[in-house]
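In what follows, a single structure is set out as structure tokens and then discussed.
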Amino acid sequence: MHIQLFCFGQVKEAIGANLVDFECDEGDSVKALKMKLLNVYGGLKEVPDFRFAVNQEYVGEDYELSENDEVAIIPPVSGG
Amino acid sequence: MHIQLFCFGQVKEAIGANLVDFECDEGDSVKALKMKLLNVYGGLKEVPDFRFAVNQEYVGEDYELSENDEVAIIPPVSGG
Amino acid sequence: MSIQIVSSEIDVEACRKSAAADAAGAVVVFVGAVRDNTKGREVVRLEYEAYVPMAIKVLGQICERAESMFGLLKITVHHRIGILNVGDTAVAIAVSAPHRKAAFDGCQFIIDELKKDVPIWKKECFTDGEAWLTDRP
Amino acid sequence: MSIQIVSSEIDVEACRKSAAADAAGAVVVFVGAVRDNTKGREVVRLEYEAYVPMAIKVLGQICERAESMFGLLKITVHHRIGILNVGDTAVAIAVSAPHRKAAFDGCQFIIDELKKDVPIWKKECFTDGEAWLTDRP
């Protein structure tokens with residue numbers, strides 16, 4: 001299953017791109033995606049407490065992903 | 001003893017002027033002045049909780065007045 | 001510190017700019033404006049008067065306390081007197097601080113104290129009469 | 001309600017004016033500016049980036065909550081992204097309310113929530129290095 005992954009700030013630097021196409025399995029939770037990402041991109045371990053957003057809403061780790069979801073990895077925000 | 005009396009807002013309307021020369025006795029306290037004023041200007045009784053300032057500082061009722069003091073009667077303020 | 005009682009229009013943007021500082025991460029501006037109603041009664045205009053020299057003196061004392069209590073960097077307070085119409089700015093308070101909490105707290109402190117102690121008065125002129133404002137907001 | 005993420009200079013005065021309303025007795029404006037130092041380290045410039053569509057969406061949700069929690073009349077939030085220098089405005093938040101307490105509380109709520117949840121990031125560039133800001137202020 002194919003998802004779009006948006007990366008910002010420290011995450012973007014850890015992954016080396018601000019948009020990547022990522023393959024995961026049908027029915028994968030956000031938690032499963034996180035494990036896979038940490039395996040592929042070791043640099044993510046350096047980023048403190050990142051959250052996930054799906055289709056521009058924050059989601060918990062139990063959220064079940066669907067084909068073509070727009071997923072964003074949100075490192076600690078620092079606007080303002 | 002001679003003092004200058006500045007009047008504002010409701011006090012000005014009760015007294016009918018914004019500056020009056022007022023005679024009181026040597027060593028009069030603000031409290032004594034207040035009693036005299038209430039006798040002369042009955043309309044002052046309608047003004048809620050006015051305070052006194054002498055030479056542009058708030059003073060308590062025990063404050064002892066001096067010749068040529070600039071006294072102001074301060075009705076409830078409503079700036080802003 | 002800039003404290004003024006003026007009888008013409010207040011330039012809020014100039015107040016804000018005068019409070020800016022390189023060490024300031026936060027500027028908070030409070031604008032008190034003439035509302036179109038007071039508890040449902042339609043307001044036509046307000047008339048402000050002040051005991052000007054004392055108002056400036058008391059405002060200065062309030063701002064000095066705010067500066068030391070909250071660590072403010074710059075403070076500007078301009079209050080207008082005379083006849084004001086709906087929408088007019090009666091007071092503008094601009095403060096700066098390294099961080100936002102101090103700026104919010106300091107600005108709110110100044111307007112709260114102003115409303116308690118600064119010798120300025122407003123008479124509200126309604127469509128059906130007029131009254132000196134006496135109840136504290 | 002006006003919410004914008006912009007890459008050019010923010011017009012704070014326009015933000016303030018857009019929040020004015022005849023029923024408003026109070027307008028509070030918060031300006032977040034680039035400080036010349038962070039904990040004593042000299043700042044050269046900041047680089048802001050945002051996940052723009054989500055930032056606008058989350059800001060909209062925050063402003064809707066603020067509106068109903070505090071009874072705000074109008075709200076304008078403009079946040080700048082890109083490269084900013086010392087003194088530049090990073091964010092301007094202007095809110096109006098019938099009375100001042102609601103305006104202060106509502107404005108402070110919006111900037112507090114913005115700093116917790118809106119997907120915007122700043123990298124601080126010092127004279128001696130650079131770092132993504134991660135500790136919450």
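As the structure is a prediction and not an experimental result, all values here were calculated from the model. By convention in this document, chain letters (A, B, ...) are assigned in the order of the sequence lines, proteins followed by strands, and residues within each chain are numbered from 1.
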Query raised in the report: Could you go step by step and tell me if C/E13 and D/R16 meet the side chain to side chain contact (heavy atoms under 4.5 Å, CB included) rule?
Result: CA-CA 9 Å; C/E13 182 65 353; D/R16 181 183 75 79; 5.9 Å; no
Report task. Show the numbers, then the answer: is there a side chain to side chain contact (heavy atoms under 4.5 Å, CB included) between D/V28 and C/V28? Result -> CA-CA 7 Å; D/V28 170; C/V28 169; 4.1 Å; yes
Requested in this report: Decide yes or no on side chain to side chain contact (heavy atoms under 4.5 Å, CB included) for C/I111 and D/R100, but give the supporting numbers first.
Outcome: CA-CA 9 Å; C/I111 181 64; D/R100 70 187 185 283; 3.7 Å; yes
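D/A33 and C/A24 make their closest contact through CB-O, 3.8 Å (heavy atoms, listed as atom of the first residue, atom of the second, distance).
Of the listed residues (C/G25, C/A20, C/A94), the greatest number of heavy-atom pairs within a distance under 4.5 Å of chain D belongs to C/G25. Of all the listed residues (D/A103, D/G87, D/P98), the one sharing the greatest number of non-hydrogen pairs under 4.5 Å with chain C is D/P98. Here D/V29 is the residue among D/D112, D/V43, D/V29, D/V86 with the most heavy-atom pairs under 4.5 Å with chain C.
Heavy-atom neighbours of D/E9 CD from other residues, nucleotides or ligands within 6.0 Å: at or below the threshold of 12.
The contact between D/A26 and chain C is made by backbone and side chain atoms together, counting heavy-atom distances below 4.5 Å. With a 4.5 angstrom heavy-atom cutoff, C/V34 touches chain D only via backbone atoms.
The aromatic rings of D/F104 and C/F104 stand perpendicular to each other, their planes meeting at an angle above 60°, with 30° marking the opposite boundary.
Residue D/R35 holds its CZ atom at 12.0 Å from OG of C/S96, rounded to the nearest 0.5 Å.
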